[in-house]
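Worksheet for the structure shown next.
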Amino acid sequence: MELGQPIAVGRTAEVFAWEQDKVLKLYFDWFPLGGIKYEQSTARAVVESGVPSPAVGEIVRVNERSGLVYQRLDGSTMLDNLMRAPWQVFAYARDMADLHAAMHAKAAGAALPAQRPRLVEKIISARALPETLRDRALAALEKLPDGDRLTHGDFHPGNVMITPPGAVVIDWIDAARGNPLADVARTTILLRGVSATGQGVSPLLTRLALLFHEAYLRRYFALRPGGREEYRRWLPVVAAARLSENIPEIEAWLVGQVEEGLGSHR
């Protein structure tokens, strides 16, 4: 089947136009079918929670690859908008914090997996994490509390679509039932990683990431006061888990974040 050029390309899949009001997220052939079924069930649970997110449809087989059909959204990501209008950095950061706080006000459904086992799995599988740090990160995680809130697991401006009706959150493959402060820590590690290492992006985005993060964090804790000390304890644990993603250009920085964070919270 001729699909034309992809609308977007990610690490696990390409996105193509599909019928009138839908898109096809077509996974690369190495991605397991079980992972696609998991994303489908997770996406349905998120829609049922009431958080603005695209409706999910059936799994299809196209050109010997499996894909998942989603509702098509008219708009662009917050990241794309920010690059076109960098002077809006503080407004977009506040908007993203508002979305995150609203998400964390919702209890997660039973269909979503628990956050803690996934973090344990990621820390154990992080090849770049020295064994002594792995043990300390797992011990630190053991002391942190669970939660029952809806968490995204990869919340950043590239996963927020700005549409005419309003903002919509996308890419829920890492959604879980857990502690919202761990989710905030993940956003911090993502944004600070860009500002600290560049990750091959433009100097403008490197600077914007720092400004965006500061404004986002300030707004989030204004909306959900308290928890800053616990949030700081989550940072090295989440950094250790991110090392499982095997991104060479940030591995040294992440290991440094784990060392620094665990050293100050023994």
Side-chain angles (χ1 to χ4, degrees), residues 1-84 92 95-96 99-100 103 106 108-109 111-113 118 121-122 150-177 183 186-187 190 199-201 205 242 244-247:
M1 179 183 295
E2 181 59 44
L3 294 172
Q5 292 298 311
I7 299 170
V9 179
R11 186 178 65 87
T12 62
E14 298 172 300
V15 179
F16 296 91
W18 185 256
E19 300 179 350
Q20 183 176 0
D21 57 351
K22 299 179 178 67
V23 294
L24 173 64
K25 185 174 183 180
L26 192 61
Y27 295 83
F28 298 120
D29 53 14
W30 57 264
F31 195 83
L33 180 60
I36 301 172
K37 291 180 177 178
Y38 170 78
E39 180 173 345
Q40 182 187 46
S41 64
T42 297
R44 287 175 175 166
V46 169
V47 170
E48 290 173 3
S49 77
V51 173
S53 55
V56 63
E58 69 275 17
I59 295 173
V60 298
R61 189 78 177 165
V62 178
N63 298 341
E64 301 184 2
R65 292 162 60 184
S66 296
L68 190 54
V69 176
Y70 277 99
Q71 169 193 359
R72 182 166 189 160
L73 301 173
D74 293 324
S76 54
T77 68
M78 182 180 285
L79 177 59
D80 289 338
N81 285 9
L82 183 59
M83 293 303 291
R84 287 193 293 264
Y92 280 130
D95 289 346
M96 200 178 89
L99 276 172
H100 218 183
M103 182 193 309
K106 296 182 180 294
L112 290 173
R118 304 190 73 189
E121 180 182 358
K122 289 182 177 183
L150 174 61
T151 62
H152 184 276
D154 198 32
F155 196 63
H156 58 77
N159 280 336
V160 178
M161 289 286 293
I162 308 300
T163 74
V168 179
V169 184
I170 62 173
D171 199 3
W172 289 87
I173 194 169
D174 287 314
R177 180 181 68 258
D183 211 28
R186 166 73 178 187
T187 297
L190 292 171
Q199 293 180 236
V201 299
L205 185 55
R242 180 148 167 73
S244 67
E245 296 166 38
N246 301 318
I247 305 172

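Listed by chain and number, the residues in a side chain to side chain contact (heavy atoms under 4.5 Å, CB included) with Glu121 amount to none (sequence neighbours excluded). Contacts of Tyr38 classified as ring pair (Phe, Tyr, Trp, His ring centres under 6.0 Å), with partners at least two apart in sequence or in another chain: none. With sequence neighbours excluded, no residue forms a side chain to side chain donor-acceptor pair (under 3.5 Å) with Asn246. Under the rule for a side chain to side chain donor-acceptor pair (under 3.5 Å), His152 has no partner lying at least two apart in sequence or in another chain. Under the side chain to side chain contact (heavy atoms under 4.5 Å, CB included) criterion, Asp21 pairs with no residue, sequence neighbours left out. Residues forming a side chain to side chain donor-acceptor pair (under 3.5 Å) with Thr42 (at least two apart in sequence, or on another chain): none. By the side chain to side chain donor-acceptor pair (under 3.5 Å) test, Thr12 is found to be paired with no residue, residues two or more places apart in sequence or in another chain being considered. Remark: Ser53 pairs with Val46, Val47, Trp172 by the side chain to side chain contact (heavy atoms under 4.5 Å, CB included) rule, at least two apart or across chains. Scored by the side chain to side chain contact (heavy atoms under 4.5 Å, CB included) test, Val62 finds Met1, Leu3, Trp18, Leu24, Leu26, Val60 as partners (sequence neighbours excluded).
Legend: salt bridge (charged side-chain N to carboxylate O under 4.0 Å, His left out) pairs involving residues 55-75, not counting sequence neighbours, sorted by first then second residue: Glu14-Arg65. Residues in residues 25-51 take part in these salt bridge (charged side-chain N to carboxylate O under 4.0 Å, His left out) pairs, two or more places apart or across chains: Lys25-Glu39, Lys25-Asp171.
The shortest heavy-atom contact between Phe28 and Gly10 is CE1-O, 3.5 Å. Residues Ala175 and Leu112 approach most closely at CB-CD2, 4.2 Å, considering heavy atoms.
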Side-chain donor-acceptor distances from residues 153-168 under 3.5 Å, at least two apart:
residue, atom, partner, partner atom, Å
Asp154, OD1, Arg186, NH2, 2.8
His156, ND1, Gly158, N, 3.0
His156, NE2, Asn159, ND2, 3.2
Asn159, ND2, Asp154, O, 2.9
Thr163, OG1, Gly166, N, 3.4
Thr163, OG1, Gly166, O, 2.5

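Between Leu82 and Met96, every side-chain heavy-atom pair lies at or beyond the 4.5 Å cut-off.
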Go through the steps for Tyr27 and Leu68 under the test side chain to side chain contact (heavy atoms under 4.5 Å, CB included), then give the verdict.
-> CA-CA 8 Å; Tyr27 295 83; Leu68 190 54; 4.0 Å; yes
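Going from atom CZ of Phe16 over to atom CG of Asn63 covers 8.0 Å, rounded to the nearest 0.5 Å. Taking CG of Leu79 as the reference point, atom CE of Met83 lies at 7.0 Å (rounded to 0.5 Å). One finds the CG atom of Leu150 at 11.0 Å from the CZ atom of Arg177 (value rounded to the nearest 0.5 Å).
Atom CD of Glu19 has more than 12 heavy atoms from other residues, nucleotides or ligands within 6.0 Å.
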